[in-house]
Amino acid sequence: MYDGQVEQNLSTGFKNGRPMVHTESEERCTMVEYEPNTIEPKWQLAWKEAESFDSDVDQSKPKFYCLEMFPYPSGHMHMGHVRNYSIGDSIARYRRLRGFNVLYPMGYDSFGMPAENAARSKGGHPHDVTWGNIESIREDLQRMGFSYDWRRELATSNAEYYHWNQWIFLKFYETGLVERRTAPVNWCNDCETVLANEQVKNNRCWRCSSEVVQKEMAQWFLRMTAYADELLDGLDDIGFPEHVKAMQRNWIGRSHGAEIHFPVVDSDHTIAAFTTRPDTIFGVTFVTLSPEHPLCEELVAGTEQEAEFQALADECAKLTEFERINMLREKKGVFLGRMARNPLSGEEIPIYAGNFVVASYGTGAVMAVPAHDQRDHDFAEKYDIQIRRVLSESEGSEPITEGKAFEGLGWMIGSSREGFDGLYGDDAKQAVIRALEAEGAGKGSTQFRLKDWLLSRQRFWGTPIPFVHCTKCGVIPVPKEDLPVRLPLDVVFSEEDSGNPLGSHTEFVQAICPTCGGEARRETDTMDTFYDSSWYFLRFCDAMNENAPYDRETIDYWMEGGVDLYIGGIEHAIMHLLYARFFTKALRDFGMNKVSEPFSRLVCQGMVNAPTPYCTSCNVEHHVDLTGNDCPQCGELLGSRSAKMSKSLGNTVSPEIMIEQFGADTVRLFILFGSNPEAGMDWSDSAVEANHRQMHQIFSVLNLLDEVSDEVGPMDDWLAAKRRSNMHTWWDAMDDVRIREGVMISHFDMLTDLQWAMRRGGVGSKELKKHLTVWGAMLYPATPHMAEEWNSHLGNDTTLAETIINDPSIGDDDVLILSEESALKDLIDSARNVKGLAERHSEKPVTRLVIQTTPNWKLDLLIEALDLADTEFDFMREGTAFIQQHSTFVDEAMRGEVMQYWRALTIGSKKTRGRVFTLRDTEKTLIRSKHNETASIKSAALFIAEAINIEDIEVYVAGEGEDVSGKARFAAPLQPGLAFL
RNA sequence: GCAGGGGUACCCGAGUGGUCAAAGGGGGCGGGCUCAAGAUCCGCUGCAGAAUGCUUCGCAGGUUCGAAUCCUGCUCCCUGCACCA
């Protein structure tokens, strides 16, 4: 399937080889220069030739399965794709660096209506349309340098793939999970096909937004409800974001309750009603049926209410569900002229048909308890039906709530039978259920909102359902050895011919019955495309397998614990993820795999937004053409806000153009640094340019190699310590997919730190080389091309793609080295601040700085206080006594200062706690090491002077020299007294 | 209506009891370098101030010695579901 797109890129790409922002002047041509459009294709080719990203089962290595939701090939890649795959690629590359055997595949969800519609309007065949699109999106993917194992590339519209769709379908059939039945189904007139419940939003088609109507049709279902409990319970311990779990829970909608049988008076019929509140059984004052309920017509026949019922039923049938909910919030009902008997109380109650009862949920009938259900309450008031309280808000007292239903749990009261009053909540429900079951009048029952998955579609461009219809034998599966049932390629699509062209394709339709050998008609329905994506992640594990969907041993290796990281859009929170979870469980039960949950960690990447003209008062977003204009509706000047990139708003940014201008690595850096994966992000041209400059800056660091000649330098130890510490933080962040944080370290902090080291005296060539080598690996996940170029410039023969990095063990002195340096930074910061103030107080320019460091007794006292704090010493209570008998307290002249200092150390002020509690761990370590602060500052004096623009600096321990400006008393450990003169 | 997520400085965004006037980036401002521009490096970017104090994390209360962080109410925004018995 792989067809050498990379070579094509090489010959055809980047006519505008120079980036828009360009930094180097021409005469300095010996310097290394960052040229993304040269190095990116170069490394893409190198990776490909080295087969760096091909991975196979290797039981000796830990595996990491990194997966992105594969795209529907609609043409070129958009920013949403770029973001999705940049996240995945950086993690895949990171995991390889860490020694994991990484499975990172890519394919195309290539069945579906858009290709069919395109074929219809432009002529041609969906297959050609689809393949054209796949070619261009593949080219885009490769130009971004994503590290897929291209051998595994698949397209669901290929017979090599959908063969196994059909094979699995027959498995479903064998195990009784396939059902063909006539049912009222959702029909979209525009798409000319049925839709699954999940594909209907507000009674409109999820794809074309036209209205959905109900039709009675024979359709194919997958019995997903058989797994409803497991699908729900499994959510408790998988790594999905909370809101995705919430959506799935809502969708599955499990409710526990009871089915209660209400016998119809003077009839053999019984009305079964589902309720979650059996504890309110004694408050039932009527029963309501959905107007579609089959009993309605029979019961009402011959009563005075017959005509009235017909009117209501007609009205409901005519209205769409959408209208029933939104236009007619008013509850309406008709008495059906008959009574039912409450099975526990024996009481006779009227039967109504009500427009608010949903036919498809539960039994389509509800027991109405107006005192404890607001809907029933409204209905009862309207039709003047008795409202009877049977629950109390507090134990042993009379009900309080008036004028509306009390829907909470309460204590049963006023039961017409012994043994129930006083029971509460779940006890009450169980007691009623027990009574019902004992008397055969009902049972405990669990209902689901989840329905079976209607997966047949009356369309062409999908997997043919592998069945034939034989007049003698009925509906018969195609034997596995005859698979795949292929879609014909000689089909003509045109605007005039609507419907499914498979039906009129004689060759396709004509079939032989596998059972009797007689003439049969082939099934022309195809499968919902969500079927294709429900197991593609399994196929990827063994994508070249020609004999089975996948091999058991292979799948158990790659799918152990599920896909380790799955990245995609929130729009698939319900359908795709639910179907995929269902498939995995069902296939597990077929013995095909061990794993039960397909995705162990899901990351839903946020939207990519872009600035869009926006009218605050109309709350409307406008096309970017109107930027700076007045609102066409109200005339106010348009503001701006960020909105999802969309064609209709014209605020899209083309990845191709960005890549051409800045290179793929800059686009990746921008995407990954712009915000964390889950958060939304705003496109910003200036930020992209800034990131591009950052790339240049990082890359130009390589020039230091020529500039540094000494083998060792004063900052070698510091730089090494800083690198190790950065590396650890970076690992933690990347392990947890906090990519933004990781990139901040690898692409920003690392540069800042090196610049600091150079300013502070510089590093030697040996350490520099080592530093750049390790840094190269850190640059690799987010900006791999630049990192490889960097790495090869350093003279390393092994590509980063083949490199595994080792644990950077922290050096013993790292903490001290780093905290000493950061103490110096702090000193400079505060000196700079104080200098500014001093200048305002001084008539002449400030030229001298006298630094008085802490006297030893303060240092000793602080260490003592730190030790006490470790023992949970109560400074509030015992601190004063402690200091008063301390040796420093003997000298009366010092008592005031000692006491003041002690309080600052241990108690603090109103807002801040004592210093012993606010010091950083690194600072504590430094203080306890009794490092020589005076010497440390002295050795950096020149640097400090330069940094704050001062001519002369003097440093001594407070008390050992003149107390200039009386600043000695401010001197404390890590906080020397500063006097500017 | 129900459920989930949010509101942090000019903008984006990190931060979930004290080390927070609050990372990082963008933008803006100042300085070094330069004939100059760009790039780059350094700094400033709540108010006042010789090292401290004050005000600030949607609004209003509360808990606490101490709140951006915890609790309650309100408000606004986003997302999903929606007469589910």
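The sequence lines fix the lettering, A, B, ..., with proteins before strands; numbering per chain opens at 1. All values derive from a computational prediction rather than experimental measurement.
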Whole-Å distance between [N] [atom2] and [X] [atom1]?
X       : N       : atom1 : atom2 : result
F699(A) : rU40(B) : CZ    : C1'   : 17 Å
Q374(A) : rC84(B) : CD    : P     : 12 Å
D732(A) : rA23(B) : CG    : P     : 22 Å
K451(A) : rC84(B) : NZ    : P     : 13 Å
E407(A) : rC2(B)  : CD    : C1'   : 12 Å
F748(A) : rA14(B) : CZ    : P     : 15 Å
M681(A) : rG25(B) : CE    : P     : 16 Å
E923(A) : rU19(B) : CD    : C1'   : 7 Å

Worksheet item: For rU19(B), does OP1 or OP2 lie under 4.0 Å from any side-chain N or O of R915(A)?
Response: no
Worksheet item: rA82(B) phosphate, OP1 or OP2: any side-chain N/O from R449(A) under 4.0 angstrom?
Response: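 The answer is yes; a side-chain N or O of R449(A) sits under 4.0 Å from OP1 or OP2.
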At under 4.0 Å between heavy atoms, what does [X] touch on the DNA or RNA strands: base, sugar-phosphate, or nothing?
X       : answer
S686(A) : sugar-phosphate
F980(A) : base
S830(A) : nothing
F917(A) : nothing
S965(A) : nothing
G257(A) : nothing
T276(A) : sugar-phosphate
P976(A) : base
A838(A) : base

Pair [X] + [Y], salt bridge at N-O below 4.0 Å:
X       : Y       : result
K404(A) : D373(A) : no
R375(A) : D378(A) : no
K382(A) : D376(A) : no
E897(A) : K858(A) : yes

Worksheet item: Considering residues, nucleotides and ligands other than Q900(A), do more than 12 of their heavy atoms fall under 6.0 Å from its CD?
Response: no
Worksheet entry | Neighbour count >12 (heavy atoms, 6.0 Å) for atom CZ, R969(A) |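 Atom CZ in R969(A) is not crowded, with 12 or fewer foreign heavy atoms closer than 6.0 Å.
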Worksheet entry | Residue closer to the 5' end of RNA chain B, S684(A) versus G977(A) (nearest nucleotide) | S684(A)
Practice prompt. Could you check L978(A) against T918(A) and say which one's nearest nucleotide on RNA chain B is further toward the 5' end?
Written response: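 Residue closer to the 5' terminus by nearest nucleotide: T918(A).
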If the [atom1] atom of [N] is compared with that of [M], how far apart are they to the nearest Å?
N       : M       : atom1 : answer
rG6(B)  : rG15(B) : C1'   : 15 Å
rU55(B) : rC47(B) : P     : 16 Å
rU19(B) : rG66(B) : P     : 14 Å
rA23(B) : rU69(B) : C1'   : 16 Å
rG46(B) : rA39(B) : P     : 24 Å
rG31(B) : rC76(B) : C1'   : 43 Å
rC10(B) : rA48(B) : P     : 15 Å
rC33(B) : rG25(B) : C1'   : 25 Å

Discussion item. Quick check on the 6.0 Å ring-centre criterion: do Y383(A) and F286(A) meet it?
Written reply: no
Worksheet item: When the aromatic ring centroids of F748(A) and W730(A) are compared, is their separation below 6.0 Å?
Response: no
Worksheet item: Between F274(A) and S445(A), is a side-chain contact (heavy atoms from CB on, under 4.5 Å) present by the stated rule, with each step listed?
Response: CA-CA 8 Å; F274(A) 175 73; S445(A) 165; 3.8 Å; yes
Closest approach to the side chain of [X], judged atom by atom: which nucleotide of [options] is it?
X       : options                   : value
D373(A) : rA85(B), rG4(B), rA14(B)  : rA85(B)
R375(A) : rA85(B), rG4(B), rG13(B)  : rA85(B)
K967(A) : rA3(B), rA85(B), rA51(B)  : rA51(B)
D682(A) : rU40(B), rC84(B), rC12(B) : rC12(B)
M744(A) : rG24(B), rG4(B), rA85(B)  : rG24(B)

Identity of whatever pairs with [N] - Watson-Crick or G-U, under 3.5 angstrom:
N       : result
rU72(B) : rA60(B)
rG18(B) : rC65(B)
rC2(B)  : rG80(B)
rC47(B) : rG53(B)

Discussion item. In the structure I gave you, are the side-chain heavy atoms of I950(A) and K835(A) within less than 4.5 Å of one another anywhere?
Written reply: yes
Item to complete: Verify, without hydrogens or angle tests, whether K443(A) (side chain) and L436(A) (backbone) share a donor-acceptor contact under 3.5 angstrom.
Response: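 Absent.
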Listed pairs, N/O of protein and of nucleotides 41-49 of chain B, under 3.5 Å:
residue	atom	partner	partner atom	Å
rC41(B)	OP1	Q697(A)	OE1	3.3
rC41(B)	OP1	Q755(A)	NE2	2.6
rG49(B)	OP2	R840(A)	NH1	3.2

